[in-house]
Amino acid sequence: DAKTTQPTSMDCAEGRAANLPCNHSTISGNEYVYWYRQIHSQGPQYIIHGLKNNETNEMASLIITEDRKSSTLILPHATLRDTAVYYCIASRAAGNKLTFGGGTRVLVKP
Amino acid sequence: NAGVTQTPKFQVLKTGQSMTLQCAQDMNHEYMSWYRQDPGMGLRLIHYSVGAGITDQGEVPNGYNVSRSTTEDFPLRLLSAAPSQTSVYFCASSERTGNYGYTFGSGTRLTVV
């Protein structure tokens with residue numbers, strides 16, 4: 001699976017959109033981009049995934065560049081409960097095993 | 001629908017003891033995985049399974065055994081506990097398509113003294 005690179009940490013204001021970048025320059029054509037988050041010491045939680053097209057669900061939006069070398073997770077209206085570590089993962093098949101990197105520690109501030 | 005259930009939630013072992021961490025899912029998921037997470041670190045894959053009777057090693061398999069005799073259960077056995085195995089262990093499951101991602105359990109916090 002392709003390696004992903006994320007900023008170590010970022011802050012965002014409550015109520016504003018949070019844009020989380022992820023680089024995956026070596027991603028192959030059949031690798032999906034998955035996003036998970038881990039709140040405090042809980043088990044990770046699936047957020048969203050995509051292959052080529054932009055995706056949106058009730059939690060977030062995923063924007064994937066046309067060359068698929070990077071993506072952005074958007075939390076449209078961040079709340080304090082969105083404070084977590086966010087992981088961007090490239091995975092070869094939709095149900096394949098996941099390899100976690102360091103993630104981005106997001107702190108939502110009032 | 002309970003999702004992924006891990007037991008026990010907390011455990012203290014003495015060096016050299018063995019034990020089994022239990023993981024059960026009721027979603028009829030084919031894929032199951034075990035991860036460990038050391039303090040302040042990301043998750044590392046120990047073992048995984050793509051179906052009953054099929055298991056494979058992940059990134060850090062040494063000191064652990066798994067089996068998958070049923071679709072629902074995926075126990076993780078520590079053969080001879082060592083302090084280096086002090087960690088939080090997460091079990092996860094997914095359907096084959098991955099359309100809903102992996103569902104994780106709430107974790108087992110293991111301390112080896």
Side-chain angles (χ1 to χ4, degrees), chain A residues 1-9 20 22 27 30-53 55-62 71 73 84-107, chain B residues 2-6 9-10 21 23 25 27-51 54-61 66 68 74 87-110:
Chain A
D1 296 337
K3 178 180 169 57
T4 61
T5 304
Q6 301 176 251
T8 303
S9 64
L20 283 61
C22 180
I27 196 169
N30 62 353
E31 284 187 299
Y32 291 78
V33 179
Y34 276 84
W35 283 84
Y36 286 78
R37 73 180 183 183
Q38 187 174 26
I39 297 173
H40 193 40
S41 56
Q42 300 176 20
Q45 176 189 23
Y46 164 79
I47 301 173
I48 198 168
H49 76 284
L51 184 62
K52 295 180 182 178
N53 300 322
E55 303 287 343
T56 295
N57 62 21
E58 65 279 3
M59 290 182 66
S61 295
L62 174 61
S71 60
L73 179 74
V85 178
Y86 288 76
Y87 296 97
C88 169
I89 301 168
S91 181
R92 186 161 40 86
N96 202 31
K97 57 185 171 70
L98 304 173
T99 300
F100 286 80
T104 296
R105 189 171 298 275
V106 174
L107 177 61
Chain B
V4 177
T5 302
Q6 292 186 237
K9 294 191 183 304
F10 300 93
L21 279 60
C23 176
Q25 52 93 5
M27 298 170 284
N28 201 32
H29 285 172
E30 295 187 43
Y31 291 13
M32 296 188 75
S33 301
W34 274 103
Y35 293 86
R36 62 175 287 175
Q37 185 173 34
D38 299 334
M41 307 290 287
L43 284 81
R44 292 184 292 170
L45 181 65
I46 305 172
H47 286 286
Y48 65 100
S49 169
V50 298
I54 305 170
T55 63
D56 205 347
Q57 296 181 350
E59 183 185 359
V60 287
V66 291
R68 185 95 181 271
F74 192 41
S87 191
V88 180
Y89 291 83
F90 290 103
C91 178
S93 72
S94 169
E95 58 176 13
R96 178 181 291 271
T97 65
N99 286 337
Y100 302 99
Y102 269 84
T103 299
F104 282 78
S106 57
T108 294
R109 284 149 182 79
L110 176 68

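Throughout, protein chains are lettered first and strands after them, A, B, ... in sequence-line order, and every chain is numbered starting at 1.
Residue contact with chain A, scored on non-hydrogen atoms closer than 4.5 Å, involves the side chain of B:Gln37 exclusively. Contact of B:Leu43 with chain A is made through backbone and side chain together, with heavy-atom distances under 4.5 Å. For A:Ile48, no part lies near chain B; criterion is any non-hydrogen pair under 4.5 Å. No part of B:Arg44 comes within reach of chain A, as not one of its non-hydrogen atoms sits under 4.5 angstrom from that chain.
Although no hydrogens or angles enter the test, the distance criterion places no donor-acceptor pair under 3.5 Å between the side chain of B:Tyr48 and the main chain of A:Leu98. Side-chain atoms of A:Tyr36 come within 3.5 Å of backbone atoms of B:Tyr102 as a donor-acceptor pair (strictly under, hydrogens ignored).
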**Prompt:** Can you check side chain to side chain contact (heavy atoms under 4.5 Å, CB included) on A:Gln42 and B:Phe90, steps first, answer last?
**Reply:** CA-CA 9 Å; A:Gln42 300 176 20; B:Phe90 290 103; over 6 Å; no

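Taking each heavy atom of B:Tyr100 and A:Tyr46 in turn, the nearest pair found is O-CD2, 3.2 Å.
The number of heavy-atom neighbours closer than 6.0 Å to CZ of B:Arg109, taken from other residues, nucleotides and ligands shown, is above 12.
Side-chain contact between A:Ser41 and B:Val88 is absent, with no heavy-atom pair separated by less than 4.5 Å.
Comparing A:Pro44, A:Gly102, A:Gly101 by heavy-atom pairs within less than 4.5 Å of chain B, the highest count is held by A:Pro44.
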